[in-house]
Amino acid sequence: MVFLQRTRPINPRKRPAPPPEPPRAADPDSSSAIDAAAALLADAGCTLLVPPHQPPSLSSPHLFAARLSRKLSAGGDASSASPSAPARRLLEGLAAFVASSPARLRQLLLPTAPHAPSLARALLSVPALQPGLLALLLEKLPEHFDDSRGGALDGLPLQDDVGRLIVSQFRWLDFLVDADAFVDKLVEVLSVAPPRLKKEIIGSLPEIVGDQSHAAVVTALEKLLQEDSEIVVAVLDVLSDLNLNEELQEQAVTVAISCIRTIAPDQMPHLLRFLLLSATPVNAGRIILQIREQLKFVGAVDPRAARSKKLKGKASAKSTDGAILDTLRSGLRFKNMLCEAFLKELKSVDHPRDHKVIDVWLIMLIYANGGALQKSAEKILKSKILQECIRETLFDQCIHGNTELVKEHFMSYLSVSDYLLACKEEKAREFAAYLFTALFEEFTDTYSRLELVGSLVAHIGSGVSYEVSSALDIMISLTSNNSEELIPISSHITGILDYLESFHEDNLRKVYDIFCRLALAAGFNTGSGGSKVANELLMVVRKQVGNPDMKYRRMGIIGVLRIVSTIASTDVNAAVNCSSSQQPNCEEALELLTMSVNSCKFVTLPLIFLYDELAALLDSKVIHSSIHEWVGEHAAELFETPFLADLENGELPEKCVCDDIEGELWMKLDGNVSPVCLNIMPLASTAPQKSQSCLQILMSQFSLLTTIERLVNEGSLGGINALLGCPLHLPSTKHLDGAKWGNLSGLQKKTVCYSLYYAINWIRELLNAFGTQVESRVDNVSQKARDETAVKLMKRVRNLILLEGLLNAFLKNYPLSLPELRYLGDCSGATSTSKFNIPKNMGEQSINGASSKRQKGCKGKASEKMNPDDKLKQPTILDAFKRAGVTVSQATNKASSQPSSSGMMSKDIEQDANDPGELGLIDLMAAPIKLDMQRFKFRTLHTTCLSLLNYSECQGSSSYLETELPTYIYLLRDLHNKLDNLNPSAKPFLSTSQAKYTRSHCHKSTQEFLDKIQPLFLVLRKHLNGAVSMIKDVSESCPDNWSSHSSSAGNPDIPYVVVSKSSIVTAVCKEILGCYRKLLAIPDLLNQPNMSILKQLLQTLQPTKNFDDVLSEFQPSLAPCNVDYLYCGACKMLEDIMDPVSSFSYLLSSDVLITLQSIVNSVVVLLEKSGEPNGKNIHMGCSKAIIPFLRKRLGYSAHKLLSADFPSEDAEKGWQNKGDLIQKILQIYLRNSDSTSDLLVEILPKEPSLKTKDTQDVSYGFPTLCSSTIPSWYRVLHEENTGSLNKTIKQALKARASPERGSVDTILQEIQKSVEAFVSLIGMCKAHEKVSMHAMAVKHGGKFIDTFLKAFSFLETHFEQHNGTIVKMLRILQKATRIIQSICSDAKGNKRTMITSKVPPAKRSMERFLFQVKALLHNCSAEKEFQMGNLKHKDLQGHVVSSQAYGSVDEEDEEQMETDSDAPADEENNNDNAMDEDAVGGSNETPMEEEEE
């Protein structure tokens, strides 16, 4: 086409105005056409022929257009679509006029006057001229592309740019005669226009075309975008301005989405703005999906910003990413549906690789907008972090290197970090720690770091233990890596010191670590040149150490030792550049230690705590040798003088008598060659109170001494080896005889008990110290010395067994509060009173019932004199009573003196003290219950001592199990206690181990503990096999074996101490099974990092014989190396030992069953942690397919146990006191079956039994179901039946939306089975008159009815197809409701409060049930079958009670039953109170709606 030709060269920039062209000879035809057009225009009021530099003269454009329209229409056919002859002549003349000179075209396009339209614009208002003139202008437009190519950029004014003048004529036309043709022509021109003019035309489209042409415009723009991506912004602006319908709007959104991948980064914000503004509830999800999948944060910088040298190469706030974020933020802020769509989309993303950086930013933007969606964003982010879908790498890409970009959203990141840090889940808090660290490292400005530190300090002061601990860990990490940067803002960190009182010991250590690191970085000189942080820290700890309150003194001791570990560490000194600063640091450490020891010298518990903490510090950190020397000299000096006594030829130089009690040497492991003995009894005498304090400190001093000895001698304890075998100076055994024990005074008994108590704890510390010689390899300790040490340690364990057995027996006869030998810390409860200020005789006054008033008075006076610190003690209520002259009973006084956690006072002490009865036989293998109540005061055995479980004195002998099991039992019980403390949630309600292990004596983490006990897994299995093999041996006792080994250990011969074989075997099995249960219940064991430990534990539980035939149902077969195979093997092993154990002890066999259940529970938890949707985890090698298999085996084992007769061991006791055990076994049986309802139907009788003379004969096929256990059975059967019904109803309600015929029938059958079982359970009350059973029938009957009410919507939906089944079900249920009514009536008459308290809720449930039945029948057009009346007053046997008058009763649909139970009301039985003779007022009651439970 002609108008597309480019005939003129491209104009250079800033081209000067062209010189005037010489006049050319006019074409006669053109001149005539121009003259004709000029004449026609002149008649209309316009002068066309004017000089080129002037616009045409046009006085009134509106009148001109009207006159011209009339003239042109007068000469043409109005019905013709083609222009009239005058119009054609005028157009030809205008074309000739324009072609004559470029200036003439400008004359037409320029305004005729200021604020007046151009002549071309006026002519376009004439309908006859508009199509032709538009075509003419569009043909002329390509001729002026070169003018537009550089005009706008070079500042060419509009009046000189012909192309833009032409485009301006098209805007805001009053009408378009042929819009389609014009748009087509305009699009053709647009496709070849230069970029600048193209954007000008595109931007003018909303002002040029009308609504009828929008479809063509959108299509054309889409095609243009495919050819030229630089016009995206212009096109998006046009699409935003066009008035599009829904279809075209969706087309526009599709066009915009297609440009996301190809658009230039700096144009992306415009594209996103258009998409977000175009979002509707229909397309919001699609828009968010495409943005997530296609948008990439590339870190491109805005070209205009990049021109600045300061911003070049940096991701500034004006960068592309910043503009994108601003666009997203504004779009999300004003359209919540976009936020909801994104959160919904994010929920559906399951795999970590499908999450992108944009997800993090969108979450942050939604969070920053606040409102209701903020909580949703928090929860989704937390869940994604816990599922490990959103990982640290995503946040790392957002934060690192994007300081300016994140700066605007810094508070949002900080708020999210605060939220995660306050979560209970450890994984969320670990993620928060990463965020805090990343933000701190990225933002170096003071404001941001102050915000971060202030937030952490707030979390530290929250008081929530896990939150405080995690916040302190973060602060420690910051001070470790950025201590120099924290020094300028350290004044804001000191706010942590305000919370010291609320911290437990672990957190307290972390706090002091923080300040020690800061002080070390700032300079830890104690002189005037010391840093402010160091000076403040030292001031705080000095005040705390000198405080008389134990609470603050404990804090000071911890602080002092943290400081010592920091400034005296050899690593620190090696890092210090100035070597002269090393010595002052050590001197400061010694000064602090000396100050701490001196402040605690006269108080027991703080000194014990100091020694224990110092020993733990020396054992865990490398400290300067000068500290070792000082501690060694101090510990040796204090230890040797008071505690050790010299021996001559292995005997005491002279007999010692204290409080009329003779002493003798016990437990000489080294025979007569021992040069010293431990002088316990003289120091344990209550006369010298100072000696008592010395003995309390003895164990902690010895622990500190052995620690120093190991450090100095490279792990060897050869220098103090004599202490392991030295004898103990204890009371003579003649005072321990049962008859003589009763003749001892209270003071003497206390001396004996204290002596044994201190001896026990001394031996426990010997095990802790020398157990390291056996457990670990020490280079300078020979194998022979190691074996000799192990033999002595095994003998010391036998000493412990005897001593603890004796002390437990004495405490039964003479209850006594034992002194604390270790600081209990937070476990004893945070109190404001000072523990060490409590008088030593507090709680011990009046302990001797035979003492006189004078003795009590003297005791009280002595107490006042010996305790000058009593003034500092907070007065108790007992003190107030004493001052008021009130006599406090001995039992009350005693109870008040003991810690509430011991719980040992159950009877009057005076009565026990005056009881002269003998002690009786003492079974050393029985659990020391009385002693365990105060076990928290004992010294703790270290984990290293458990290595003795793998040692035997009789290597290679087949009888070692029988002779050494007592020692193993002692160690197994300690392991059991450690596992209890490791997993408190698994502890029983009444735990014998009440104290947690302090930090200095226990493992630092679960992982460390698991690593230490991992070698014991094989040992546990070995001892379990040995104990099971001994079960077949019928011999009852083995006194010779125990006596021989006991005497070899130096134990004295005490005739009334025995060891029964049955108790040994039972105890070993129970402890090992209990350890297995506690191990499997440790949550950390099931984590992926500990999978190897779990496998090793399960491998030790495998059966000795091949069991692949048992696993034949699995296809494909299980791999022996997988976890699921190992779990199946563990269950098979426990099943194998069930039979021999059940014939020996029913209680022991129940332990085996519960251990089997713990294995099944462990599998379930493991698969839940795996998080795989199909229940299969390839990495763990475990599949959900084994769960039904294991449950089936578990249910079968429980059935065997329920069907077995109790063995001879339990014959005398029968089934009494085994109710809880039976309940547990029965629950396992019912819950691990294919169908609980089927089992219930099998167990229960078909018809309610009548009362028999001997109800014990009604056993229903289970020997364990008898008169003494039937209440336990009854409760469990009710609970499981109701639970089964509830589960069935939930399945019914879920399947209600798309029911299938077979599924409905199955659900109705299950409901009917539950109803039948319920009727049988309620009917059992006729045969059993126990009030407890009747009370349970009423209570659980109401609950069952409430559960059944939830099924009425399902029953109503399917009543038409299954009306017979449903009516039958209601008729059966009527039998139970009648019996419940009779029970309620009988209970009220006999005033049985156990039952009547449960009647009102049961009555309400049955009343609701009545009206629901009425509503069901009414809605299903069966109301004629329902009638309501009064209920006859009958007893449980169906006989009418004549004490109540009643009238005629109507019959309803379900009543044609037996004569003794066909009371003519059905569900109305449930409503009409028989005992109150209440009648429902009319049968047209409004049915009550179903209530959801």
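Positions are given from 1 along the sequence. Since this is a predicted model, take the numbers as computed values, not measurements.
- By the 6.0 Å and 45° rule, Arg935 stacks over the aromatic ring of Phe938.
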Requested in this report: Test side-chain hydrogen bond (donor to acceptor under 3.5 Å, both in side chains) on Ser817 and Lys937 and set out the steps.
Outcome: CA-CA 10 Å; Ser817 177; Lys937 301 177 182 179; 3.1 Å; yes
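- Side-chain contact between Leu414 and Phe436 is present, with heavy atoms from C-beta onward closer than 4.5 Å.
- A donor-acceptor contact shorter than 3.5 Å links the side chain of Asn547 to the backbone of Asp549.
- For the atom pair Cys1075 SG and Leu975 CG, the distance stands at 4.0 Å (nearest 0.5 Å).
- The minimum heavy-atom distance between Ser470 and Leu421, with the atom names listed, is CB-CD1, 3.6 Å.
- Annotation for Lys427: atom NZ counts as buried by contact number, over 12 foreign heavy atoms lying within 6.0 Å.
- Asp619 places no side-chain N or O within donor-acceptor distance of the main-chain N or O of Ala615, the cut-off being under 3.5 Å.
- Looking at Asp1084, its side chain never comes within 3.5 Å of a backbone N or O of Thr1006 through a donor-acceptor pair.
- Checked by atom type and distance alone, the side chain of Arg822 never pairs as donor or acceptor with a backbone atom of Ile608 at under 3.5 Å.
- Asp498 pairs by the side chain to side chain donor-acceptor pair (under 3.5 Å) definition with nothing, not counting sequence neighbours.
- Between Leu941 and Cys945, the shortest heavy-atom distance links the atoms CD2-SG, 4.0 Å.
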Query raised in the report: So Leu704 and Met699, side-chain contact (heavy atoms from CB on, under 4.5 Å) or not? Walk me through it.
Result: CA-CA 9 Å; Leu704 180 60; Met699 273 56 74; over 6 Å; no
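- Although no hydrogens or angles enter the test, the distance criterion places no donor-acceptor pair under 3.5 Å between the side chain of Ser477 and the main chain of Asp473.
- Among pairs with a residue in residues 433-445, none fulfils salt bridge (charged side-chain N to carboxylate O under 4.0 Å, His left out), at least two apart in sequence or across chains.
- Within the model, atoms CG of Leu1094 and CG of Leu1166 stand 6.5 Å from one another, a figure rounded to the nearest 0.5 Å.
- Here the shortest heavy-atom pairing between Val468 and Ser462 reads CG2-OG, 3.7 Å.
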Report task. Determine, step by step, whether Met555 and Tyr512 satisfy the side-chain contact (heavy atoms from CB on, under 4.5 Å) criterion, reporting the C-alpha distance in whole Å, the side-chain angles of both residues, the deciding distance to 0.1 Å, and the verdict. Result -> CA-CA 10 Å; Met555 294 159 53; Tyr512 285 118; 4.1 Å; yes
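- Closest of all the heavy-atom pairs between Ile627 and Ala589 is CD1-CB, 3.8 Å.
- Annotation for Ile623 and Leu618: closest pair CG1-CD2, 4.1 Å, computed over non-hydrogen atoms.
- Side-chain atoms of Thr706 come within 3.5 Å of backbone atoms of Ser703 as a donor-acceptor pair (strictly under, hydrogens ignored).
- How far CD1 of Ile1093 is from CD1 of Ile1082: 9.5 Å, rounded to the nearest 0.5 Å.
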Requested in this report: Quick one: do Asp513 and Lys510 satisfy salt bridge (Lys or Arg N to Asp or Glu O under 4.0 Å)? Show the steps, please.
Outcome: CA-CA 5 Å; Asp513 277 340; Lys510 294 177 182 179; over 6 Å; no
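- Side-chain atoms of Val511 and Tyr499, non-hydrogen and from C-beta on, never get closer than 4.5 Å to each other.
- No side-chain heavy atom of Phe431 sits less than 4.5 Å from a side-chain heavy atom of Glu426.
- In this structure, the side chains of Leu456 and Leu478 come closer than 4.5 Å at one or more pairs of heavy atoms.
- Between Arg554 and Pro606 there is no side-chain heavy-atom pair separated by less than 4.5 Å.
- Val453 is listed as a side-chain neighbour of Leu486, based on a closest heavy-atom distance under 4.5 Å.
- Side-chain atoms of Leu1079 and Ile1013, non-hydrogen and from C-beta on, do get closer than 4.5 Å to each other.
- Tyr823 and Glu613 share no donor-acceptor pair across their side chains, judged by distance under 3.5 Å alone.
- For Lys384 and Gln387, the side-chain atoms include no donor-acceptor pair closer than 3.5 Å.
- A salt bridge links Arg542 to Glu591: at least one charged side-chain nitrogen sits closer than 4.0 Å to a carboxylate oxygen.
- No donor-acceptor pair under 3.5 Å is formed between the side chain of Asp396 and the backbone N or O of Glu392.
- Between Tyr367 and Tyr419, the ring center distance fails the sub-6.0 Å criterion.
- In the model, Ser626 has a side-chain atom that pairs as donor or acceptor with a side-chain atom of His624 under 3.5 Å.
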Requested in this report: Report the C-alpha distance between Ser469 and Asp506 in whole Å, list the side-chain angles of each, state the deciding distance to 0.1 Å, and finish with yes or no for side-chain contact (heavy atoms from CB on, under 4.5 Å).
Outcome: CA-CA 8 Å; Ser469 180; Asp506 287 340; over 6 Å; no
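- Partners of Asp418 by side chain to side chain donor-acceptor pair (under 3.5 Å), not counting sequence neighbours, listed by chain and number: Ser455, His459.
- Although no hydrogens or angles enter the test, the distance criterion places no donor-acceptor pair under 3.5 Å between the side chain of Arg939 and the main chain of Arg764.
- Residues Leu979 and Phe1009 have side chains in contact (heavy-atom distance under 4.5 Å, counting atoms from C-beta outward).
- Glu485 is linked by a side chain to side chain donor-acceptor pair (under 3.5 Å) to Arg449, counting only residues two or more places apart in sequence or in another chain.
- If you take CZ on Phe443 and CG on Leu450, they are separated by 14.0 Å, rounding to the nearest 0.5 Å.
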Query raised in the report: Could you go step by step and tell me if Val560 and Ile557 meet the side-chain contact (heavy atoms from CB on, under 4.5 Å) rule?
Result: CA-CA 5 Å; Val560 165; Ile557 292 173; 5.8 Å; no
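- In this pair, His634 and Trp630 present their aromatic rings parallel. The plane angle is below 30°, not in the 30 to 60° band.
- Residues passing the side chain to side chain donor-acceptor pair (under 3.5 Å) test with Glu425 are Lys382, sequence neighbours excluded.
- For Tyr434 and Phe395, the ring centers sit 6.0 Å or farther from each other.
- For the residue pair Glu765 and Asn761, no side-chain donor N or O sits within less than 3.5 Å of a side-chain acceptor on the partner.
- Under the 3.5 Å distance criterion, the side-chain polar atoms of Gln696 are left unmatched by any main-chain donor or acceptor of Thr604.
- Applying the salt bridge (charged side-chain N to carboxylate O under 4.0 Å, His left out) definition to pairs two or more places apart or across chains, none involves residues 455-469.
- In this model, no donor atom of one side chain and acceptor atom of the other lie less than 3.5 Å apart for Lys978 and Thr940.
- Looking at Arg429, its side chain never comes within 3.5 Å of a backbone N or O of Leu420 through a donor-acceptor pair.
- In terms of heavy-atom proximity, Leu1086 sits nearest to Ser1162 at CD2-OG, 3.5 Å.
- Taking CG of Leu946 as the start and CG of Leu1016 as the end, the distance is 5.5 Å to the nearest 0.5 Å.
- Salt bridge annotation for Lys1078-Asp980: present, with a cationic side-chain nitrogen under 4.0 angstrom from a carboxylate oxygen.
- From Leu518, atom CG reaches atom CG of Asn482 across 11.0 Å, with rounding to the nearest 0.5 Å.
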